[in-house]
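Structure first, commentary second.
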Amino acid sequence: MKNELTDASQAGKLTIYTPEGVFFSMDLAGPVTRCMALALDMAVVYATMSVLVKITKLIGLVNVDIATAISMAAYFAVSVGYQIATEWFWRGQTIGKRVFRIRVMDVNGLRMRFSQIVIRNLLRAVDILPLFYMVGGLASAINGKSQRLGDIAANTVVTRISDVCAPDLEKLFPDKYNSFREWPHLAARLRQRVSPQEASVAMRALLRRDLLESEARLDLLKKIADHLRSKVSFPQEAVDGVSDEKYVRNAVEILYRDGGR
């Protein structure tokens, strides 16, 4: 689904409008929260490097030059590789970001590509200049989406993960039978593979479906259903006769009611 980004209506918020007329609003992470998350990540890097330094000291007893080269390569691999690896495997989060509940995402609300993660983290070398992230901090201060240079180049933003109260599912899903429940291992796999942001998009689409024109409603729910189908493939007997809207409803019920989101 291609989204069109418009300027946030309020400071500190990112609002994304879809061609189907649905909008999603997310809070941008503030500089204090981002600094605290960065400080924790730097502590993780420092702790890892302290262990590697002890190892390279042992190597230095044999050859100092080799130990120095290994130490420099290890620092680059840990400091940059840690950020890239965790943001890729944890969908835009590092240890620090998970603790402080923030996430990096594509500016259009899509999942980040690996190239975006690499670009934003390699450009930390520029953002950190001349010291204490002065370049990155200045860029964030004058940018409407609080983006440092790495985020601008990678087309990414850092958002806060807000606690959202789920609506009354008994009223939202009056149908008792959900064919997906007949396949608990696949339902569990769906809960594992669908991120909270993706689940939230599907839930909001259901909540606002009556506000859309019939054609837009069918198109939006088909795209969400196809996206969910790409996560987990239920057997034919579970989806036989199930419309796109019913598919999304079944999936959201599994994610929220059975998944405890």
Side-chain angles (χ1 to χ4, degrees), residues 1 3 5 8 12-18 20 22-30 33-34 36-37 40-41 83 85-114 116-117 120 145-146 151 155-170 172-173 178 180-181 184-209 220-221 223-232 234 245 247-261:
M1 186 191 310
N3 295 329
L5 179 68
K13 285 187 176 294
L14 177 73
T15 302
I16 299 172
Y17 289 90
T18 72
E20 292 78 12
V22 180
F23 72 90
F24 307 101
S25 181
M26 288 163 283
D27 294 326
L28 294 171
T33 306
R34 292 181 67 171
M36 293 173 68
L40 181 54
D41 286 327
Q83 297 277 353
T86 51
E87 286 185 1
W88 174 247
F89 288 109
W90 286 346
R91 297 185 178 184
Q93 288 188 297
T94 59
I95 292 176
K97 291 182 178 69
R98 296 191 99 174
V99 170
F100 291 98
R101 297 181 60 76
I102 60 177
R103 181 187 301 276
V104 184
M105 60 185 295
D106 179 90
V107 77
N108 291 318
L110 306 174
R111 183 175 179 178
M112 287 192 299
R113 301 185 303 276
F114 184 73
Q116 290 177 286
I117 296 174
R120 76 180 304 273
K145 304 182 190 75
S146 299
D151 289 316
N155 207 31
T156 56
V157 291
V158 182
T159 60
R160 291 198 296 110
I161 301 174
S162 303
D163 292 323
V164 180
C165 296
D168 187 346
L169 296 180
E170 297 297 335
L172 184 60
F173 308 123
N178 184 337
F180 293 1
R181 286 206 182 107
H185 65 292
L186 294 179
R189 191 175 301 169
L190 182 69
R191 290 192 293 269
Q192 180 184 31
R193 293 182 177 179
V194 175
S195 70
Q197 286 70 29
E198 291 169 324
S200 177
V201 168
M203 171 66 83
R204 294 183 189 185
L206 289 175
L207 291 173
R208 297 171 180 169
R209 65 191 186 279
L220 175 63
L221 290 172
K223 290 176 179 177
I224 295 176
D226 289 343
H227 181 73
L228 293 172
R229 290 186 186 106
S230 70
K231 298 290 184 177
V232 175
F234 284 89
E245 181 170 332
Y247 193 100
V248 176
R249 291 173 64 190
N250 284 355
V252 169
E253 187 176 13
I254 292 294
L255 295 170
Y256 279 88
R257 176 183 287 162
D258 298 345
R261 297 196 183 193

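Predicted model, so just to flag it, every value in this text is computed and none were measured. Below, each value reflects all heavy atoms present in this structure, side chains not excepted, and no hydrogens, waters or symmetry copies.
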Could you report the tightest heavy-atom contact between Ile102 and Thr33, atom names first, then the distance? CG2-CG2, 3.6 Å
Side-chain contact, heavy-atom cut-off 4.5 Å: Gln83 with Lys97? yes
Identify the two heavy atoms, one from Leu40 and one from Gly96, that lie closest to each other, and give their separation to 0.1 Å. CD2-CA, 3.7 Å
Which class fits the ring pair Tyr247 and Phe180: parallel under 30°, tilted 30 to 60°, perpendicular over 60°? perpendicular
Side chains of Arg91 and Gln197, heavy atoms from C-beta outward: is any pair under 4.5 Å? no
Min side-chain heavy-atom separation Trp90-Ser195 under 4.5 Å: no
For residues Leu220 and Arg208, determine if any side-chain heavy atom of one lies less than 4.5 Å from a side-chain heavy atom of the other. no
Quick one: does any side-chain atom of Arg193 pair with a main-chain N or O of Lys231 as donor and acceptor, under 3.5 Å? yes
Any donor-acceptor N/O pair, Asn178 side chain to Asn250 backbone, under 3.5 Å: yes
Please report the shortest heavy-atom distance between Val157 and Leu28, naming the atom on each side. CB-CD2, 4.2 Å
Side chains of Leu206 and Leu221 in contact at under 4.5 Å (non-hydrogen atoms): yes
Taking all heavy atoms of Glu87 and all of Thr94, pick out the closest pair and write down the distance. CG-CG2, 3.7 Å
CG of Asp151 to NZ of Lys145: how many Å apart, nearest 0.5 Å? 11.0 Å
Tell me, please, which residues at least two apart from Trp88 pass ring pair (Phe, Tyr, Trp, His ring centres under 6.0 Å). Phe114
Please name the pair of heavy atoms, one in Ala29 and one in Ser146, separated by the smallest distance, quoted to 0.1 Å. O-CB, 4.4 Å
Asp226 with Arg229: basic N within carboxylate O range, under 4.0 Å: yes
Hey, does Arg181 have a side-chain heavy atom less than 4.5 Å from the side chain of Glu253? yes
Testing Asn155, Thr156, Asp106 for side chain to side chain donor-acceptor pair (under 3.5 Å) with Gln116, which one passes? Asp106
What's the shortest heavy-atom distance between Ala199 and Val194, and which atoms? N-CG1, 3.8 Å
